[in-house]
Amino acid sequence: MTYTAVSAQSAALDLAELRRSLCLTQREAALLLAVALTTWARWERGELGVHPERARQLRRLGRLVAQYGEPAMCGL
């Protein structure tokens with residue numbers, strides 16, 4: 001099923017930036033949200049709309065990163 005109502009852009013999400021701020025690969029980010037790697041990659045490229053529930057989870061992750069900063073292990 002394809003979702004077009006909530007795209008990464010309209011949800012004010014920069015998925016690649018969020019993923020990098022969490023020090024995750026695309027594969028790890030996909031596993032975190034229980035989606036296929038190809039789905040995550042298509043979200044980052046803006047080729048596929050994000051399911052509304054997934055968009056909510058991603059916005060929440062973004063707020064946590066903004067509030068607490070990047071994980072201590074990033075960049076090691």
Visitor: Would you mind listing the cluster partners of Tyr68? Hydrophobic ones only (ILVMFWY), side-chain contacts under 4.5 Å, chaining allowed.
Guide: Leu64

Visitor: Check residues 24-38 and write down every donor-acceptor pair under 3.5 Å in which the side-chain atom is one partner and the other belongs to a residue at least two apart or another chain.
Guide:
| from | atom 1 | to | atom 2 | distance (Å) |
| --- | --- | --- | --- | --- |
| Thr25 | OG1 | Arg27 | N | 3.4 |
| Thr25 | OG1 | Glu28 | N | 3.0 |
| Thr25 | OG1 | Glu28 | OE1 | 3.4 |
| Gln26 | NE2 | Glu44 | OE1 | 3.0 |
| Glu28 | OE1 | Thr25 | N | 2.8 |

Visitor: Got a sec, which pairs hit ring-ring contact (aromatic ring centres under 6.0 Å, His included) with one end in residues 19-41, sequence neighbours left out?
Guide: Trp40-Trp43

Visitor: Please round to the nearest 0.5 Å and tell me the distance separating atom NE2 of His51 and atom CG of Leu58.
Guide: 12.0 Å

Visitor: Atom CG in Leu15, atom CZ in Arg20: separation rounded to 0.5 Å?
Guide: 10.5 Å

Visitor: Do Arg60 and Gln57 meet the criterion of a side-chain donor-acceptor pair at a distance under 3.5 Å?
Guide: no

Visitor: Glu53: which residues meet the side-chain hydrogen bond (donor to acceptor under 3.5 Å, both in side chains) condition with it, sequence neighbours left out?
Guide: Arg56

